[in-house]
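Note that the coordinates shown come from a computational prediction; the quantities given were computed from them, not determined experimentally. A note on names: the letters A, B, ... follow the listed sequences, proteins ahead of strands, and every chain is numbered from 1.
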Amino acid sequence: MSQKLASIRGMNDILPEQSSLWQWLEVRIQSVLDRYGYQEIRMPIVEHTELFKRSIGEVTDIVEKEMYTFNDRNGDSLTLRPEGTASCVRACEQHGLLYNQVQRLWYVGPMFRHERPQAGRYRQFHQIGVETFGMAGPDIDAEIILLTARLWRELGLSSKVRLELNSLGSSEDRARYREALVAYLSERIDQLDDDSKRRLERNPLRVLDSKDVGTRAALKDAPVLRDFLGDDAKAHFDGLCAALDQAGVAYQLNPALVRGLDYYGKTVFEWITDDLGAQGTVCAGGRYDGLVEQLGGRATPAVGFAMGLERLVLLLEQQRPELRPQADIYVIAPDEKTAGLLLSEALRDALPELKIQSHCGAGGLKAQMKKADKSGARFALILAEQEIAKGVVGIKPLRGNGEQQEVAQAALADWLATQFASGE
RNA sequence: GUGGCUGUAGCUCAGUCGGUAGAGCUCCGGAUUGUGAUUCCGGCGGUCGUGGGUUCAAGCCCCAUCAGCCACCCCA
């Protein structure tokens with residue numbers, strides 16, 4: 001097997017068996033976004049490396065060791081996007097979408113990170129991202145969270161996910177807190193695990209969500225970020241919590257909820273599931289008011305989030321929603337193949353909503369019936385010599401226990417229309 | 001990147017003490033010459049992940065490597 005050509009590690013094919021569930025998921029997400037008035041934006045998959053260094057942060061793991069970076073033929077350093085926010089901001093700036101206006105945008109597509117693969121974590125993975133620009137108040141923070149809550153309802157996942165919430169404060173608040181935290185931890189440095197010692201220098205806030213027992217014990221009396229929030233950040237966060245309370249969205253405050261990407265501030269949130277092991281974050285987002293300016297634009301408030309589609313698919317597979325079958329009608333024509341093709345075409349003209357599969361290739365009636373059954377079709381239409389001679393079509397119900405019957409070819413479309421109208 | 005578990009038919013797996021590979025499902029055909037799903041019978045299907053080593057003999061033991069999974073790291 002390793003001799004044969006295979007896909008790159010961590011980059012998977014989505015096979016026909018899987019793709020219907022993916023489509024089901026994507027259609028529903030897009031429908032919700034559409035109903036909230038969000039518009040799609042499509043960006044390239046490759047960007048200048050500089051974009052990600054400046055947005056995500058030079059000293060993050062993503063930039064330092066997880067990006068797919070290469071030189072193109074001109075010698076420019078390019079990178080396969082590891083996330084969508086940076087590209088989205090770049091595109092908006094480049095085309096003046098943020099000039100004196102408000103935007104509610106979404107995008108979907110593959111992202112690339114060179115991590116060690118595991119179920120729910122891949123080197124090419126897919127995200128649907130949502131970004132909003134130009135709105136500074138907590139109402140838009142609340143809106144995108146309400147949007148995600150509605151989404152879980154429509155996907156049937158509400159019981160599997162929970163919301164965690166925190167505020168990182170303004171960058172000034174965070175700087176003061178970081179100082180206090182570093183001072184606190186430096187006194188207990190011998191109690192910290194090696195990873196946390198490293199974090200202490202690079203990204204001290206990340207020490208907060210360490211899983212090491214010694215470190216957790218050392219953190220017990222650590223300063224709490226909430227006590228460092230300025231009036232503005234505090235009012236913003238209170239506003240968000242009040243909105244969620246009034247809307248009836250449950251959440252859990254998690255003071256240890258921080259971010260790996262540098263550009264977040266104020267609101268951060270995550271939707272987490274317990275059903276996917278360590279890959280439990282299914283949707284994560286927050287506010288990044290500083291990023292647009294950091295990338296050369298005018299200061300612009302912004303909030304957004306991203307969902308990992310692979311993880312959602314894994315959750316959906318656990319409960320397998322009812323998907324539409326491959327075909328509604330399977331047309332069998334053992335003796336005269338063009339008769340089957342032509343009948344199918346006529347039906348597709350008359351009944352554009354129905355999925356009609358016409359048997360092609362060899363096969364006796366029995367074999368064709370088997371395929372009809374496997375297709376999931378509700379009816380097999382039989383059009384052989386007998387039927388052609390009589391000007392009728394044999395209709396065999398494949399679900400349930402109806403008897404086979406004959407319907408005149410001229411009346412067939414109406415007959416089927418009635419069946420599918422009442423049956424669904 | 002670190003540590004661990006697992007790789008046998010298209011899929012899910014069994015394979016005893018090291019003695020030259022098996023089941024179920026799928027697929028194809030038949031029982032039923034014009035009828036699926038159920039039942040019965042038959043058939044197709046394998047360089048045991050790959051490369052080395054030990055041995056008279058390796059799916060099984062050893063080493064390496066690749067891949068999947070679990071935890072860490074990180075993160076959607």
**Student:** Using the P atom as the reference point in each nucleotide, state the distance between G4(B) and A9(B) in Å, no decimals.
**Tutor:** 27 Å
**Student:** Show me the donor-acceptor pairs, under 3.5 Å and distance only, between side chains in residues 383-391 of chain A and residues at least two apart or in other chains.
**Tutor:**
from    : atom 1 : to      : atom 2 : distance (Å)
E387(A) : OE1    : A384(A) : N      : 3.1
K390(A) : NZ     : E406(A) : OE1    : 2.8
K390(A) : NZ     : E406(A) : OE2    : 3.3

**Student:** Mind running side-chain hydrogen bond (donor to acceptor under 3.5 Å, both in side chains) on R35(A) and S31(A) for me, showing each step along the way?
**Tutor:** CA-CA 6 Å; R35(A) 283 179 277 147; S31(A) 160; 3.0 Å; yes
**Student:** Are any of the side-chain nitrogens in D328(A) or K355(A) under 4.0 Å away from the carboxylate oxygens of its partner?
**Tutor:** no
**Student:** Of the residues in residues 7-35 of chain A, which ones touch RNA chain B at a heavy-atom distance under 4.0 Å?
**Tutor:** R9(A), G10(A)
**Student:** Whether R116(A) contacts G3(B) is assessed here as follows: a side-chain N or O lying under 4.0 Å from the phosphate OP1 or OP2. Is that the case?
**Tutor:** no
**Student:** Measuring from the side chain of Q118(A) (C-beta onward, heavy atoms only), which nucleotide among G34(B), C72(B), C74(B) has the closest atom?
**Tutor:** C72(B)
**Student:** When you get a sec, tell me which of G29(B), C70(B), G36(B) is the closest nucleotide to the side chain of A119(A)?
**Tutor:** C70(B)
**Student:** Round to a whole Å and report the spacing from CD of E403(A) to C1' of A37(B).
**Tutor:** 15 Å
**Student:** Given atom NZ of K374(A) and atom P of G36(B), what is their separation to the nearest angstrom?
**Tutor:** 16 Å
**Student:** Got a sec, which pairs hit salt bridge (charged side-chain N to carboxylate O under 4.0 Å, His left out) with one end in residues 303-322 of chain A, sequence neighbours left out?
**Tutor:** none
**Student:** Expressed as a whole number of Å, how far does the P atom of C48(B) sit from that of C61(B)?
**Tutor:** 16 Å
**Student:** Would you mind reading off the distance between D195(A) atom CG and G1(B) atom C1', rounded to a whole angstrom?
**Tutor:** 11 Å
**Student:** So which of residues 307-318 of chain A are in contact with RNA chain B, with a heavy-atom cut-off of under 4.0 Å?
**Tutor:** G308(A), R311(A)
**Student:** Decide salt bridge (Lys or Arg N to Asp or Glu O under 4.0 Å) for K211(A) and D195(A); before the verdict, give the C-alpha distance in whole Å, the side-chain angles of both, and the deciding distance to 0.1 Å.
**Tutor:** CA-CA 10 Å; K211(A) 290 170 185 166; D195(A) 280 325; over 6 Å; no
**Student:** Tell me the ring-ring contact (aromatic ring centres under 6.0 Å, His included) pairs involving residues 24-59 of chain A, sequence neighbours left out?
**Tutor:** none
**Student:** I'd like to know if E387(A) reaches the base of G34(B) with its side chain such that a donor and an acceptor end up less than 3.5 angstrom apart.
**Tutor:** yes
**Student:** Under 4.0 Å between a side-chain N/O of K371(A) and OP1 or OP2 of C28(B), yes or no?
**Tutor:** yes
**Student:** Could you work out, with ring pair (Phe, Tyr, Trp, His ring centres under 6.0 Å) as the rule, every residue matching Y288(A), not counting sequence neighbours?
**Tutor:** Y263(A)
**Student:** For C72(B) versus C56(B), give the span between their C1' atoms, rounded off to a whole number of Å.
**Tutor:** 47 Å
**Student:** What nucleotide among C69(B), G34(B), C74(B) has an atom nearest to a side-chain atom of Q386(A)?
**Tutor:** G34(B)
**Student:** Quantified in whole Å, what is the P atom distance between nucleotide U26(B) and nucleotide G34(B)?
**Tutor:** 26 Å
**Student:** From the set G36(B), A71(B), G34(B), return the single nucleotide nearest to any side-chain atom of L365(A).
**Tutor:** G34(B)
**Student:** Please state how far atom CD in Q368(A) lies from atom P in C27(B), giving the value in whole angstrom units.
**Tutor:** 16 Å
**Student:** Excluding sequence neighbours, so at least two apart, what forms ring pair (Phe, Tyr, Trp, His ring centres under 6.0 Å) with F125(A)?
**Tutor:** none
**Student:** Can you identify which nucleotide, out of A76(B), C72(B), G36(B), has its nearest atom closest to the D373(A) side chain?
**Tutor:** G36(B)
**Student:** Closest to the D61(A) side chain: C72(B), A37(B), C74(B)?
**Tutor:** C74(B)
**Student:** Verify the neighbour count for atom CD of Q94(A): are there more than 12 heavy atoms of other residues, nucleotides or ligands below 6.0 Å?
**Tutor:** yes
**Student:** Report which part of the nucleic acid G120(A) touches: base, sugar-phosphate, or nothing (heavy-atom distance under 4.0 Å, all strands).
**Tutor:** base
**Student:** For the pair made of CE in M67(A) and P in G1(B), what is the distance, rounded to whole Å?
**Tutor:** 17 Å
**Student:** Can E40(A) and R42(A) be counted as an ion pair, charged N to O under 4.0 angstrom?
**Tutor:** yes
**Student:** With a 4.0 Å cut-off, would you call E50(A) and K53(A) a salt bridge?
**Tutor:** no
**Student:** Of the listed nucleotides (A71(B), C69(B), G36(B)), which one gets closest to any side-chain atom of M369(A)?
**Tutor:** G36(B)
**Student:** For the C1' atoms, the ones on G22(B) and on A14(B), what distance do you get once it is rounded to whole angstrom?
**Tutor:** 7 Å
**Student:** Out of C74(B), C69(B), G36(B), which has the shortest distance to the side chain of R199(A)?
**Tutor:** C74(B)
**Student:** Mind checking if E83(A) touches a base, just sugar-phosphate, or nothing, with heavy atoms under 4.0 Å?
**Tutor:** nothing
**Student:** D212(A): what forms a side chain to side chain donor-acceptor pair (under 3.5 Å) with it, not counting sequence neighbours?
**Tutor:** T215(A)
**Student:** Please identify each residue that fulfils side chain to side chain donor-acceptor pair (under 3.5 Å) with R216(A), with sequence neighbours left out.
**Tutor:** none
**Student:** Toss me the dot-bracket line for RNA chain B: Watson-Crick and G-U wobble, both under 3.5 Å, 5' to 3', using | for pairs to another strand and [ ] for crossers.
**Tutor:** (((((((..((((.....[..)))).(((((.......))))).....(((((..]....))))))))))))....
**Student:** So which pairs with a foot in residues 376-401 of chain A pass ring-ring contact (aromatic ring centres under 6.0 Å, His included), sequence neighbours left out?
**Tutor:** F379(A)-W415(A), F379(A)-F420(A)
**Student:** Touch check for I332(A), heavy atoms < 4.0 angstrom, all strands: base, sugar-phosphate only, or nothing?
**Tutor:** nothing
**Student:** Using the test ring pair (Phe, Tyr, Trp, His ring centres under 6.0 Å), find all partners of H126(A) that sit at least two apart in sequence or belong to another chain.
**Tutor:** W22(A)
**Student:** Heavy atoms from C-beta onward define the side chain here; which of C74(B), G34(B), C75(B) lies closest to that of R206(A)?
**Tutor:** C75(B)
**Student:** Distance between the P atoms of G46(B) and C11(B), in whole angstroms?
**Tutor:** 13 Å
**Student:** If you measure from the C1' atom in U38(B) to the same atom in A21(B), how many Å do you get, rounded?
**Tutor:** 32 Å
**Student:** May I have the distance from Q124(A) (atom CD) to A76(B) (atom P), rounded to whole angstrom?
**Tutor:** 17 Å
**Student:** Expressed as a whole number of Å, how far does the C1' atom of G29(B) sit from that of C44(B)?
**Tutor:** 10 Å
**Student:** Quickly work out the K211(A) NZ to C70(B) P distance and round it to whole Å.
**Tutor:** 13 Å
**Student:** Figure out the NZ/P separation between K370(A) and G34(B), and round it to whole Å.
**Tutor:** 17 Å
**Student:** Tell me which of R198(A) and P117(A) sits closer to the 5' end of RNA chain B, going by the nucleotide each one is nearest to.
**Tutor:** P117(A)
